[in-house]
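Written below as structure tokens is the structure these notes are about.
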Amino acid sequence: QAQLVESGGGSAQAGGSLRLSCAASGYTYNLYYMAWFRQAPGKEREGVAVIDNYGTTSYAESVKGRFIISRDNAKNTLYLQMNSLKPEDTAMYYCAARPKVGSYSWAGLREVYVYNYWGQGTQVTVSS
């Protein structure tokens, strides 16, 4: 099965930028949907952005216009470009993936239960 490994987290100033990467290995041909989630201390894990196999995207309102999700299928890599960072973006960021099964709404694809492959997470800390 697929394995996912995130990298690129770290500390940034408010207004700064970070670029996260998620490298997929193993059985990667069926990772139709890939997504970024985040979880702050004491908070539930929430969907940030989703991208399908063809590059169609969906974003949470809180990051729309600031973050860009992309994927390079030839490299089996998912990216999250994070611009105009805010302190409230501080969280553990997780990469997730799933095959295409049935029919889902874009809102539903930002739910944790939809995904069966997860990375270990990478910490993002934004200071004011």
Side-chain angles (χ1 to χ4, degrees):
Q1 298 301 306
Q3 296 83 45
L4 306 176
V5 179
E6 303 96 332
S7 63
S11 299
Q13 300 178 44
S17 298
L18 287 172
R19 182 177 171 87
L20 307 184
S21 298
C22 171
S25 60
Y27 299 105
T28 62
Y29 77 96
N30 65 340
L31 302 182
Y32 193 91
Y33 295 107
M34 300 192 76
W36 288 98
F37 287 75
R38 66 186 182 186
Q39 187 168 24
K43 303 292 185 179
E44 295 183 3
R45 192 170 299 186
E46 62 177 355
V48 174
V50 182
I51 186 168
D52 73 10
N53 192 58
Y54 299 99
T56 304
T57 61
S58 179
Y59 296 90
E61 276 298 318
S62 60
V63 307
K64 193 174 297 181
R66 299 189 297 121
F67 293 6
I68 301 172
I69 187 172
S70 62
R71 63 191 292 172
D72 187 332
N73 290 341
K75 297 180 179 179
N76 294 318
T77 303
L78 176 73
Y79 303 97
L80 185 67
Q81 179 65 45
M82 308 168 66
N83 300 316
S84 301
L85 284 164
K86 303 176 180 180
E88 51 262 45
D89 294 320
T90 296
M92 284 289 294
Y93 282 73
Y94 298 89
C95 174
R98 60 152 289 156
K100 184 179 181 182
V101 179
S103 182
Y104 295 91
S105 68
W106 284 106
L109 288 166
R110 295 197 298 271
E111 297 291 334
V112 169
Y113 74 87
V114 172
Y115 297 87
N116 54 336
Y117 298 108
W118 291 88
Q120 83 290 347
T122 185
Q123 178 68 37
V124 171
T125 302
V126 184
S127 59
S128 60

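Keep in mind that what you see is a predicted model, and the values were worked out from it rather than measured.
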Which pairs of donor and acceptor atoms, one on a side chain in residues 64-74, lie under 3.5 Å apart (sequence neighbours left out)?
unit_1	atom_1	unit_2	atom_2	d
K64	NZ	E61	OE2	2.6
R66	NH1	S84	O	3.0
R66	NH1	D89	OD2	2.8
R66	NH2	S62	O	2.9
R66	NH2	D89	OD1	3.0
R71	NE	N73	OD1	2.7
R71	NH1	Y32	O	3.1
R71	NH1	D52	O	3.2
R71	NH2	L31	O	2.7
R71	NH2	N73	OD1	3.4
D72	OD1	A74	N	3.1
D72	OD1	K75	N	3.3
N73	ND2	N53	O	3.2

* To do: Taking W106 for its side chain and Y59 for its backbone only, find out whether a donor-acceptor pair lies under 3.5 Å.
  => no
* To do: Would you please test W118 and V112 for side-chain contact (heavy atoms from CB on, under 4.5 Å) and show each step?
  => CA-CA 10 Å; W118 291 88; V112 169; 3.7 Å; yes
* Would you name the heavy atoms of M92 and Q120 that are closest together and state the gap between them? => CE-O, 4.0 Å
* R98 side, atom CZ; N116 side, atom CG - distance, nearest 0.5 Å -> 7.0 Å
* Quick one: closest heavy-atom pair of A40 and A91, and the distance? => N-CB, 3.8 Å
* Asked: If you group Ile, Leu, Val, Met, Phe, Trp and Tyr by side-chain heavy-atom gaps below 4.5 Å, do V50 and L80 land in one group?
  -> no
* Structure fact -> Shortest non-hydrogen pair, T77 vs S21, comes out as CG2-CB, 4.4 Å
* CD/E44 to CD/Q39 distance, rounded to the nearest 0.5 angstrom? -> 8.5 Å
* To do: Kindly give the heavy-atom pair with the smallest separation between T122 and E6, and that separation in Å.
  => CG2-CB, 3.9 Å
* Is a donor on one side and an acceptor on the other found under 3.5 Å between the side chain of T28 and the backbone of S25? -> no
* Same cluster for Y117 and L20 if Ile/Leu/Val/Met/Phe/Trp/Tyr side chains link at under 4.5 Å? -> yes
* Under 3.5 Å: donor-acceptor pair, side chain of Q1, backbone of Y27 -> no
* Decide whether Y93 and I51 are clustered together by the hydrophobic rule: side chain heavy atoms of Ile, Leu, Val, Met, Phe, Trp, Tyr closer than 4.5 Å, transitively. => yes
* Asked: How long is the span from the OH atom in Y115 to the CG atom in L4, to the nearest 0.5 Å?
  -> 11.5 Å
* Asked: Is L109 reachable from L78 through a run of I, L, V, M, F, W or Y residues, each pair having side-chain heavy atoms under 4.5 Å apart?
  -> no
* Do C95 and W36 touch side chain to side chain, with heavy atoms closer than 4.5 Å? -> yes
* To do: Go through the steps for K100 and N30 under the test side-chain contact (heavy atoms from CB on, under 4.5 Å), then give the verdict.
  => CA-CA 7 Å; K100 184 179 181 182; N30 65 340; over 6 Å; no
* So, for M34 and C22, which heavy atoms are closest and what is the spacing to 0.1 Å? -> CE-SG, 4.5 Å
* To do: Enter the distance from K86:NZ to S128:OG here, rounded to the nearest 0.5 Å.
  => 13.5 Å
* Structure fact -> Scanning both residues in full, the closest heavy-atom pair of A12 with L85 reads CB-CD1, 3.9 Å
* Q3 atom CD, over 12 foreign heavy atoms within 6.0 Å -> yes
* Beyond-backbone contact of E111 with Y104, side-chain heavy atoms, under 4.5 angstrom -> no
* Say whether V63 and Y33 are linked into one hydrophobic cluster, either directly or through other cluster members, by side-chain heavy-atom distances under 4.5 angstrom. => no
* **Heavy atoms of other groups near E88 CD, more than 12 under 6.0 Å** => yes
